[in-house]
Undergrad: 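Sharing a structure here in structure tokens format.
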Amino acid sequence: MQEIETITLPYPLEEFSSIVDVRTPLEFAEDHLPGAINLPVLSNEQRVEVGTLYKQDPFAARILGARYLSINVAAHLITLEKTWDRKEQPLLYCWRGGLRSRSFAHILRSVGWRARLVDGGYKSYRKFVLNDLKAQLAEPLPPFHVLCGLTGTGKTRLLHHLREAGAQVLDLEELANHRGSLLGNVGPQPAQKLFENRIHQAISRFQPGKPVFVEAESNRIGALSLPAPLWKKLSTATVTEVQLPLPSRAQLLLEDYPRFLDEPADLCALLDRLRSLRGHQQVDAWHEQIHAGDWPNFLQSILRDHYDLCYRPAGSEKSNYQKPSAQLHLPSHRQADFEKAVKQLLNP
């Protein structure tokens, strides 16, 4: 049987017309190579069934696994015949470059497609990501520039304007799919491994000669933790404090969380978690403002009487960040003020 070619990471993945993850959908969802598609040779349930049987009878388990693999690959070939041309050069991988990907690769090569394998499979990719991320973040360049400030001062909005202006931006909340606060849940978050993968992909694209703008975050965003090398890098970064008047902060919050206007019961349920911290009287007052539709006063109160009290200023004893070297005062939440602030950040 013809030996399958393998590649060792790092490697220019753009050389391949397709990257195929043959692991189960659950494994794929946890993390995968950039741009990979999932063509599982075993379903989630089949992998559990084969693994359980293997502990009792390895030979019978291999027979069962081969049966399932044959059925699933046959189904994939029907799709690939319609979507791949005859010169397709796919890269395949499974957990450790073992039976699943090698079996599929042999079938693809017998058809005429030049299928290759990742040496060591996903496990080697994961090791590469962690080592490379650590190495890149240990370098002094590119320099990181942290935007800190009270909740609602428009730091995320500034990042978006900076990106539109051509600056390098690491939007950690975007990568984590969470806005990093009590009200910050915007949907399912990626698995920790996929979050770290996304950070690695973003940092790998940065140019060393340009600063990277990032928002000051805690070491956790929702259920996810920042990688230790990144947390360390942020601790040495230049810091600018963003300031915005309280009424404008409240308006920004209203614009950023419009769903709560349509789902006030969900908002009240979230606020109930703060009873032990802020007291029943305060939370009841927030409930009354919400039910009355008094959004300006509610938002100013939640900022002033909760978020501001939790704020850990950069440079303070318990903060990971250095003391701000500059302040950026936004007179209002108007777009023109943000555009002016971007020019100040890019041309200090």
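Below, each value reflects all heavy atoms present in this structure, side chains not excepted, and no hydrogens, waters or symmetry copies.
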Undergrad: So does R249 pair up with D308, basic N to acidic O under 4.0 Å?
TA: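 Here R249 pairs with D308 in a salt bridge, since their nearest N and O are under 4.0 Å apart.
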
Undergrad: In terms of hydrophobic clusters joined by side-chain contacts under 4.5 Å, are V50 and L39 together?
TA: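 Linked, V50 and L39 end up in one cluster.
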
Undergrad: Are L170 and L141 linked, directly or through other ILVMFWY residues, by side chains that come within less than 4.5 angstrom of each other?
TA: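 Not linked; separate clusters.
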
Undergrad: Using the ring of Y122 (Phe, Tyr or Trp, six-membered ring only), decide whether R23 places NZ or CZ under 6.0 Å from its centre and within 45 degrees of its axis.
TA: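 Geometry flag: set, cation within 6.0 Å and 45°.
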
Undergrad: With a 4.0 Å cut-off, would you call E88 and R114 a salt bridge?
TA: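 R114 and E88: not salt-bridged.
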
Undergrad: Are side-chain N/O atoms of N72 and Q46 paired as donor and acceptor at under 3.5 Å?
TA: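 On atom types as modelled, these side chains qualify, holding a pair under 3.5 Å.
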
Undergrad: Can any side-chain N or O of Y93 pair as donor or acceptor with the backbone N or O of L33 at less than 3.5 Å?
TA: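 At least one qualifying donor-acceptor pair exists.
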
Undergrad: For N38 and H32, does a side-chain donor sit closer than 3.5 Å to a side-chain acceptor?
TA: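 Distance-only check fails for N38 and H32.
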
Undergrad: So does R102 pair up with E3, basic N to acidic O under 4.0 Å?
TA: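 Here R102 pairs with E3 in a salt bridge, since their nearest N and O are under 4.0 Å apart.
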
Undergrad: Can a donor-acceptor pair be found, under 3.5 Å and without considering hydrogens, that links the side chain of R179 to the backbone of E173?
TA: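 Checked: no pair found.
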
Undergrad: Could you tell me whether K134 and E139 have a side-chain N and a carboxylate O separated by less than 4.0 Å?
TA: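 Answer for the salt bridge query: no.
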
Undergrad: What distance separates C310 SG from D305 CG, expressed to the nearest 0.5 Å?
TA: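 One finds 11.0 Å between SG of C310 and CG of D305.
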
Undergrad: Does a salt bridge link D337 with R334, judged by any charged N lying under 4.0 Å from a carboxylate O?
TA: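 A salt bridge links D337 with R334.
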
Undergrad: To the nearest 0.5 Å, tell me how far L267 CG sits from W295 CH2.
TA: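 So the gap between those two atoms works out to 5.5 Å.
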
Undergrad: Could you grab the distance from atom CG of L299 to atom CD of E255, nearest 0.5 Å is fine?
TA: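 If we round to the nearest 0.5 Å, L299:CG and E255:CD are 11.0 Å apart.
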
Undergrad: Can you sort out the partners of E288 under salt bridge (Lys or Arg N to Asp or Glu O under 4.0 Å), two or more places apart, ordered by chain and number?
TA: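 Salt bridge (Lys or Arg N to Asp or Glu O under 4.0 Å) list for E288, sorted by chain: empty.
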
Undergrad: Counting the benzene-type ring for Trp, do Y11 and F128 have ring centres under 6.0 Å apart?
TA: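 No, they do not, as the ring centres are separated by 6.0 Å or more.
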
Undergrad: What I'd like to find out is whether the side chain of E49 reaches to under 4.5 Å of the side chain of L64, using heavy atoms alone.
TA: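 When only atoms from C-beta onward are counted, L64 and E49 do touch, with a gap below 4.5 Å.
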
Undergrad: CG/D31 to OH/Y125 distance, rounded to the nearest 0.5 angstrom?
TA: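 One gets 6.0 Å once the value is rounded to the nearest 0.5 Å.
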
Undergrad: Is V129 reachable from L230 through a run of I, L, V, M, F, W or Y residues, each pair having side-chain heavy atoms under 4.5 Å apart?
TA: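 Per the 4.5 Å side-chain linkage, L230 and V129 are not co-clustered.
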
Undergrad: Treating Ile, Leu, Val, Met, Phe, Trp and Tyr as nodes and any side-chain heavy-atom pair under 4.5 angstrom as an edge, say whether V242 and L303 lie in one connected cluster.
TA: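 No; tracing contacts between hydrophobic side chains, which count when under 4.5 Å, never links both residues.
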
Undergrad: Is the backbone of R116 close enough, under 3.5 Å, to the side chain of E5 for a donor and an acceptor to pair up by distance?
TA: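 No; zero donor-acceptor contacts below 3.5 Å.
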
Undergrad: Out of curiosity, D171 CG to E215 CD, how far, rounded to the nearest 0.5 Å?
TA: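 So the CG of D171 and the CD of E215 are separated by 7.5 Å.
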
Undergrad: Is the shortest side-chain N to carboxylate O distance from E196 to R126 below 4.0 Å?
TA: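 Salt bridge: yes.
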
Undergrad: Hey, does the side chain of S235 reach the backbone of N320 with a donor-acceptor pair shorter than 3.5 angstrom?
TA: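 No; zero donor-acceptor contacts below 3.5 Å.
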
Undergrad: Can L69 be reached from V48 by stepping across I, L, V, M, F, W or Y side chains whose heavy atoms are under 4.5 Å apart?
TA: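 No: no chain of side-chain contacts under 4.5 Å links V48 to L69.
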
Undergrad: Is there side-chain contact between R278 and R273, with heavy atoms separated by less than 4.5 Å?
TA: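 Counting from C-beta outward, R278 and R273 never come under 4.5 Å.
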
Undergrad: Give the minimum heavy-atom separation between L42 and P25, together with the two atoms involved.
TA: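 Looking at all heavy atoms of both residues, the shortest contact is O-CD, 4.3 Å.
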
Undergrad: Around K127, counting heavy atoms of other residues, nucleotides and ligands shown, do more than 12 lie under 6.0 Å from its NZ?
TA: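 Counting other residues, nucleotides and ligands, NZ of K127 stays at 12 neighbours or fewer.
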
